[in-house]
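Notes for the one structure printed next.
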Amino acid sequence: MHLAYPTVVAALLFSVGVYGVLARRNAILVLMSVELMLNAVNLNLVTFDVFYRDRLHGGQVLTLFTIVIAAAEIGLGLALVLLVFRNRRMVDVDRLRTLAEEPSRPAAAVEPERVEEAAP
Amino acid sequence: MSGQEVVFTLLGVVAVGSAVLVVTTRRLVHAALWLVVSFGALAGGYLVLTAEFVAWVQVLIYVGAVVVLLLFGIMLTRAPIGESADLDSGNRWAALGVAVATAAVLVTVVVMGFGDARTPLRAGGGSAEELGAGVFRTWVLPFEVLSVLLLASLVGAIVLSRSDIGGDKGGDV
């Protein structure tokens with residue numbers, strides 16, 4: 001098997017995940033895109049495990065570990081998203097600006113009305 | 001182009017295409033369901049790469065558990081079932097540029113680095129027996145550490161999602 005096929009598929013999946021993380025607004029969709037990126041990494045790990053014919057199967061075992069870590073991450077992430085939803089009544093990541101830095105002086109006049117618009 | 005490569009290409013097209021639909025669809029529930037298709041196609045790709053055990057674990061954990069958790073999250077945040085117009089934030093064109101640049105760099109690197117590398121696929125390399133021996137002989141210490149990590153994250157998720165603990169610091173909002 002030509003090694004270019006799985007690695008190219010993994011690269012494309014990873015960049016689709018990058019697009020999703022940057023472009024999506026809903027926090028759950030961001031988590032889904034993170035899962036896509038993790039799956040691209042898993043595909044690379046399996047591919048190079050097969051390519052190097054690792055006798056300890058480090059790549060495939062690390063893939064299993066990554067899957068477990070992804071499950072832990074999604075559980076914890078969804079708990080955080082639900083907590084945010086309980087407190088704010090929305091999960092849009094670009095409207096959660098409480099921890100944002102104070103804008104510089106000229107922009108300070110613009111910022112309060114954006115915050116008011118963001119209030120549920 | 002061998003038969004394995006044809007099958008893998010088809011599965012890869014399905015996986016990448018449904019991943020694109022995950023990040024572009026306007027319905028939240030459909031995004032979760034396209035994620036099932038993408039993960040299933042990837043599991044097929046693992047099967048082609050002779051990693052059987054990883055493929056079944058992928059089906060069990062990703063298609064089974066993770067997508068169900070995501071659907072739970074969608075339902076519990078009262079997401080609209082139908083189309084919702086504002087799922088994309090304002091910087092989607094910048095995101096598209098970054099994603100295309102990432103894809104260009106990564107594809108260039110892997111094609112230049114491994115463009116002529118071939119490997120024969122032999123069955124049995126990723127069976128449950130081989131991987132079980134690997135996990136419980138060589139990698140047993142990371143495996144145990146990982147179980148502690150999983151326990152810690154589950155406890156953390158429970159603590160975060162319960163509203164009746166946390167005392168007087170505003171846990172009951």
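Throughout, a chain's letter reflects where its sequence line sits, starting with A, and its residues are numbered from 1.
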Most contact-rich option vs chain B, by heavy-atom pairs under 4.5 angstrom, among A/Val18, A/Asp54, A/Asp49, A/Leu82, is A/Leu82

So, B/Gln58 and A/Asn42: side-chain donor and acceptor under 3.5 Å apart, yes or no? no

In terms of heavy-atom pairs under 4.5 Å with chain A, the winner among B/Gly12, B/Ala152, B/Gly125, B/Gly90 is B/Gly125

Assert top hit (heavy-atom pairs under 4.5 Å, partner chain A, pool B/Ser84, B/Gly73, B/Ala65, B/Ala19) equals B/Ala19

Whatever's closer than 4.5 Å to a heavy atom in chain A on B/Ser2 counts as neither

Would the distance check show the side chain of B/Ser153 and the main-chain N or O of A/Leu76 forming a donor-acceptor pair, the cut-off being under 3.5 Å? no

Is there side-chain contact between A/Phe85 and B/Leu76, with heavy atoms separated by less than 4.5 Å? no

Highest number of heavy-atom pairs under 4.5 Å with chain B among A/Leu12, A/Thr63, A/Leu64 belongs to A/Leu64

So, the part of B/Leu96 with a heavy atom under 4.5 Å from chain A: the answer is both

Side chain proximity check, B/Val66 to A/Glu35, heavy atoms < 4.5 angstrom:
yes

Of B/Thr9, B/Val48, B/Leu28, the largest count of non-hydrogen pairs under 4.5 angstrom with chain A goes to B/Leu28

The interface call for B/Leu42 against chain A, heavy-atom contacts under 4.5 Å, is side chain

Minimal heavy-atom distance between B/Val23 and A/Ser33, with the atoms involved, is CG1-OG, 3.8 Å

Please tell me if the side chains of B/Val98 and A/Tyr19 come closer than 4.5 Å, counting only heavy atoms from C-beta onward. no

Please step through side-chain contact (heavy atoms from CB on, under 4.5 Å) for the pair A/His57 and B/Glu130, ending with a clear verdict.
CA-CA 8 Å; A/His57 287 294; B/Glu130 293 259 340; 2.8 Å; yes

Under 4.5 Å to a heavy atom of chain A? For B/Ala117 that would be both

Cut-off 4.5 Å, heavy atoms of chain A, and the answer for B/Thr25 is both

Here the pair of heavy atoms bringing A/Leu22 nearest to B/Ala95 is CB-CB, 3.4 Å

query: How far apart are the C-alpha atoms of B/Arg78 and A/Arg89, what are their side-chain angles, what is the distance that settles it, and do they pass the side-chain contact (heavy atoms from CB on, under 4.5 Å) test?
result: CA-CA 9 Å; B/Arg78 313 249 172 87; A/Arg89 294 282 125 198; 3.3 Å; yes

* Please walk me through it: do A/Leu38 and B/Tyr62 pass side-chain contact (heavy atoms from CB on, under 4.5 Å)? -> CA-CA 11 Å; A/Leu38 283 168; B/Tyr62 270 114; 4.1 Å; yes

Of B/Leu131, B/Asn91, B/Leu149, the largest count of non-hydrogen pairs under 4.5 angstrom with chain A goes to B/Leu131

With chain A, the option among B/Leu49, B/Ile61, B/Thr138, B/Val107 that has the most non-hydrogen atom pairs under 4.5 Å is B/Leu49

Assert top hit (heavy-atom pairs under 4.5 Å, partner chain B, pool A/Ala72, A/Gly20, A/Ala71, A/Gly77) equals A/Ala72

A/Arg25 bridged to B/Asp88 by N-O distance under 4.0 Å = no

Cut-off 4.5 Å, heavy atoms of chain A, and the answer for B/Phe39 is side chain

Among A/Ala79, A/Ala27, A/Ala23, the residue with the most heavy-atom pairs under 4.5 Å to chain B is A/Ala23

Problem - Side-chain donor/acceptor of A/Arg86 to backbone N/O of B/Ser161, under 3.5 Å - result: yes

Q: State yes or no: are the ring centers of B/Phe114 and A/Phe48 separated by less than 6.0 Å?
A: yes

* Asked: So, do A/Leu43 and B/Tyr46 sit near enough that their side-chain heavy atoms are less than 4.5 Å apart?
  -> yes

- Can any side-chain N or O of A/Gln60 pair as donor or acceptor with the backbone N or O of B/Val54 at less than 3.5 Å? no

If one checks every heavy atom of A/Leu56 against chain B at 4.5 Å, the contacting part turns out to be both

Check whether any side-chain heavy atom of B/Thr119 sits under 4.5 Å from a side-chain heavy atom of A/Arg53, and report yes or no. yes

